[in-house]
Amino acid sequence: MAFSRVRKLDARSRGILFRKAVVMLCSLLAPLILLHLLAERCASPSPVRGSPRTKRLVSEWSAGSDPAGRAVAGGALARARAGAMVWQLPGESPAPPAPPDLVASPRFAGKVSPLGEGSKKLPQALIIGVKKGGTRALLEFLRVHPDIRAVGAEPHFFDRNYDYGLEWYRDLMPKTLEGQITMEKTPSYFVTREAPARISAMSRDTKLIVVVRDPVTRAISDYTQTLSKKPDIPSFESLTFKNRTTGLIDTSWSAVQIGIYAKHLDNWLQYFPMDQILFVSGERLISDPAGELGRVQDFLGLKRIITDKHFYFNQTKGFPCLKKAEGSSKPHCLGKTKGRTHPNIDPEVVQRLRDFYRPFNMKFYQMTGRFFGWDN
């Protein structure tokens with residue numbers, strides 16, 4: 001009888017112990033389950049509340065485009081990294097634009113160092129001008145050189161994006177190895193008043209390259225480019241003069257102003273010595289690309305690797321092309337936006353412009369010590 005009571009007592013005790021064990025196990029598992037559910041909740045996108053427009057904005061941002069429908073490289077992550085996600089309430093002043101995520105663009109890839117080696121450096125050389133002078137051709141030719149790494153597109157750091165800081169600028173650059181030169185080109189730097197001081201603040205040793213061209217031909221080419229984008233603009237003749245009757249040239253028109261090279265050069269000489277600036281002839285870049293590239297390679301302290309063997313003349317386009325482009329075994333010519341046919345301009349207007357530019361050209365020849373022959 002006593003033995004029977006002990007067995008019953010043991011069974012009841014085992015039941016109590018089992019229930020206690022279950023309760024204890026549940027108490028341990030409950031927080032873990034709760035944490036797991038919270039993690040899943042955070043990982044999955046929550047439904048967007050609000051108006052249909054708000055839902056669309058959030059959806060577009062997450063998908064990698066801005067409210068205007070333009071693609072944004074890297075989507076939400078890239079824009080958040082750039083500090084771009086700033087919500088604006090009604091009545092508030094517009095938020096400043098986000099730094100363009102230029103690194104994600106293929107044009108900014110530049111040359112990639114083997115196995116991802118090297119590091120990103122601020123450029124030691126810049127092509128600073130001039131617009132429609134031949135800067136794109138020069139950059140593409142230079143990128144053939146194994147000791148040059150260049151950004152493909154125009155960063156516009158020293159004129160438009162300076163507030164983003166030097167680290168943002170450095171991040172745009174391709175990686176370079178020891179002995180290689182980092183470069184970029186933005187033709188508008190030459191006519192930007194603040195650019196010389198800003199570049200000097202980055203490095204007083206920066207080497208500067210300016211591609212110059214007959215200012216009259218350059219102005220017509222500039223106008224031709226604008227005309228291709230805005231067919232309804234006024235005629236070249238009407239834009240050239242403040243008053244056609246008196247023949248007074250409108251120097252406020254950028255197409256005319258850019259060609260006053262001596263005036264712009266004065267600004268650069270306040271911060272850089274002349275021996276740190278190389279002037280490349282846009283005309284000779286067409287007629288003798290290897291000769292001009294030889295001067296550039298010497299200026300940069302590089303071995304003359306780019307020679308005649310790298311070029312052939314494209315009769316259709318009217319300018320030289322590369323037999324082999326950087327990273328390719330195929331010939332490469334500049335795109336259809338280069339070498340556009342110029343409109344017919346009144347010869348009297350062309351002569352008036354030549355007369356206007358002549359004294360500035362002569363001053364420029366004296367300053368650079370090079371005769372470009374634009375007044376022949």
With [X], which residues qualify under ring-ring contact (aromatic ring centres under 6.0 Å, His included), at least two apart?
X: Y365; value: F371, W374
X: F313; value: none
X: F299; value: none

- request: Name all residues meeting the salt bridge (Lys or Arg N to Asp or Glu O under 4.0 Å) criterion together with R218; count only those two or more places apart in sequence or in a different chain, and write none if there are none.
  value: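 For R218 the salt bridge (Lys or Arg N to Asp or Glu O under 4.0 Å) partners, ignoring immediate neighbours, are D222.
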Q. Looking at residues at least two apart in the chain, or sitting in another chain, which of them share a salt bridge (Lys or Arg N to Asp or Glu O under 4.0 Å) with E178?
A.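 Residues passing salt bridge (Lys or Arg N to Asp or Glu O under 4.0 Å) with E178: none at all.
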In sequence, state the C-alpha distance, the side-chain angles, and the governing distance for V210 and Y189, and then conclude on side chain to side chain contact (heavy atoms under 4.5 Å, CB included). CA-CA 10 Å; V210 188; Y189 290 164; over 6 Å; no
Test item: [X] side-chain N/O and [Y] main-chain N/O as donor-acceptor pair under 3.5 Å:
X: H310; Y: A290; value: no
X: N243; Y: T246; value: yes
X: Q276; Y: P273; value: no
X: R213; Y: K132; value: yes

K323 with D308: basic N within carboxylate O range, under 4.0 Å: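 Between D308 and K323 there is no salt bridge, as every charged N stays at least 4.0 Å from the carboxylate O atoms.
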Looking at [X] and [Y], what are the two nearest heavy atoms and their distance?
X: F141; Y: P289; answer: CE1-CB, 4.2 Å
X: P123; Y: M173; answer: CD-SD, 4.0 Å
X: L172; Y: P155; answer: CD1-CB, 3.8 Å
X: L285; Y: P320; answer: O-CG, 3.6 Å
X: L139; Y: A150; answer: CD1-CB, 3.7 Å
X: V296; Y: L142; answer: CG1-CD2, 3.7 Å

[atom1]-[atom2] distance between [X] and [Y], expressed to the nearest 0.5 angstrom:
X: I306; Y: I148; atom1: CD1; atom2: CD1; answer: 5.5 Å
X: H145; Y: Q180; atom1: NE2; atom2: CD; answer: 10.5 Å
X: Y162; Y: D159; atom1: OH; atom2: CG; answer: 12.0 Å
X: T307; Y: L293; atom1: OG1; atom2: CG; answer: 9.5 Å
X: K207; Y: I277; atom1: NZ; atom2: CD1; answer: 13.0 Å
X: L177; Y: E117; atom1: CG; atom2: CD; answer: 6.5 Å

Is it the case that one hydrophobic cluster holds both [X] and [Y], taking links as side-chain heavy atoms less than 4.5 Å apart, direct or via other members?
X: I345; Y: I258; result: no
X: I209; Y: V144; result: yes
X: V191; Y: I249; result: no
X: F157; Y: L208; result: yes
X: M367; Y: M362; result: yes

Going by atom types alone, do E184 and Y169 pair a side-chain donor with an acceptor below 3.5 Å?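 Yes, Y169 and E184 have a side-chain donor paired with an acceptor closer than 3.5 Å.
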Flag for K121-T182: side-chain donor and acceptor within less than 3.5 Å
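Distance-only check fails for T182 and K121.
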For residues 196-205, tabulate all N or O donor-acceptor pairs below 3.5 Å that involve a side-chain atom, not counting sequence neighbours.
from: R198; atom 1: NH1; to: F158; atom 2: O; distance (Å): 3.0
from: S203; atom 1: OG; to: D205; atom 2: N; distance (Å): 3.2

[X] side chain near [Y] side chain, heavy-atom distance below 4.5 Å:
X: L265; Y: M274; value: yes
X: F360; Y: P215; value: no
X: F356; Y: V256; value: yes
X: K131; Y: S188; value: no
X: I127; Y: M183; value: yes
X: T368; Y: V212; value: no
X: L300; Y: L278; value: no
X: L227; Y: I233; value: yes

Can you tell me how the ring of F364 sits relative to the ring of Y261, calling it parallel under 30°, perpendicular over 60° and tilted otherwise?
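Judged by the thresholds at 30° and 60°, the geometry between F364 and Y261 is tilted.
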Looking at N344, I'd like to know if its CG atom is crowded, meaning that more than 12 non-hydrogen atoms belonging to other residues, nucleotides or ligands lie closer than 6.0 Å.
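Open.
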Apply the test side chain to side chain contact (heavy atoms under 4.5 Å, CB included) to residues L248 and F241: give CA-CA distance (whole Å), side-chain angles for both, the deciding distance (0.1 Å), then the verdict. CA-CA 6 Å; L248 184 63; F241 299 103; 6.0 Å; no
Return each pair, listed once, that meets ring-ring contact (aromatic ring centres under 6.0 Å, His included) where at least one residue sits in residues 209-235; pairs must be two or more places apart or across chains.
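Every ring-ring contact (aromatic ring centres under 6.0 Å, His included) pair that includes a residue of residues 209-235, provided the two are not neighbours, is Y223-F236.
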Q.
Before you tell me yes or no, could you show the steps for L122 and R170 under side chain to side chain contact (heavy atoms under 4.5 Å, CB included), namely the whole-Å CA-CA distance, both residues' side-chain angles and the distance that decides it to 0.1 Å?
A. CA-CA 5 Å; L122 292 169; R170 188 201 305 271; 3.8 Å; yes
Pair listing, side chain to side chain donor-acceptor pair (under 3.5 Å) test, anchored in residues 284-298, at least two apart =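 Of all non-adjacent pairs touching residues 284-298, those that pass side chain to side chain donor-acceptor pair (under 3.5 Å) are R284-D288, R284-E292, E292-R295, E292-R370, D298-R304.
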* Can you list every side chain to side chain donor-acceptor pair (under 3.5 Å) pair that touches residues 355-364, not counting sequence neighbours? ->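 Counting only pairs at least two positions apart or across chains, the side chain to side chain donor-acceptor pair (under 3.5 Å) contacts touching residues 355-364 are Q351-D355, D355-R358, N361-D375.
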inquiry  = side chain to side chain contact (heavy atoms under 4.5 Å, CB included) for K185 and R136? Distances and angles first, verdict last.
reply    = CA-CA 8 Å; K185 76 106 177 172; R136 172 56 58 184; 3.7 Å; yes
#### Entry: Contacts of S235 that satisfy side chain to side chain donor-acceptor pair (under 3.5 Å) - sequence neighbours left out
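By the side chain to side chain donor-acceptor pair (under 3.5 Å) rule, S235 matches S238.
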Problem set entry | Contact list for residues 230-245, test salt bridge (charged side-chain N to carboxylate O under 4.0 Å, His left out), sequence neighbours left out |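 Matches after skipping sequence neighbours: R244-D346.
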* Which residue pairs satisfy the salt bridge (charged side-chain N to carboxylate O under 4.0 Å, His left out) criterion with at least one member in residues 258-270, sequence neighbours excluded? ->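 For residues 258-270: none.
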Query raised in the report: Taking the six-membered ring for Trp, are F279 and F372 ring centroids under 6.0 Å apart?
Result: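 F279 vs F372: aromatic centres not under 6.0 Å.
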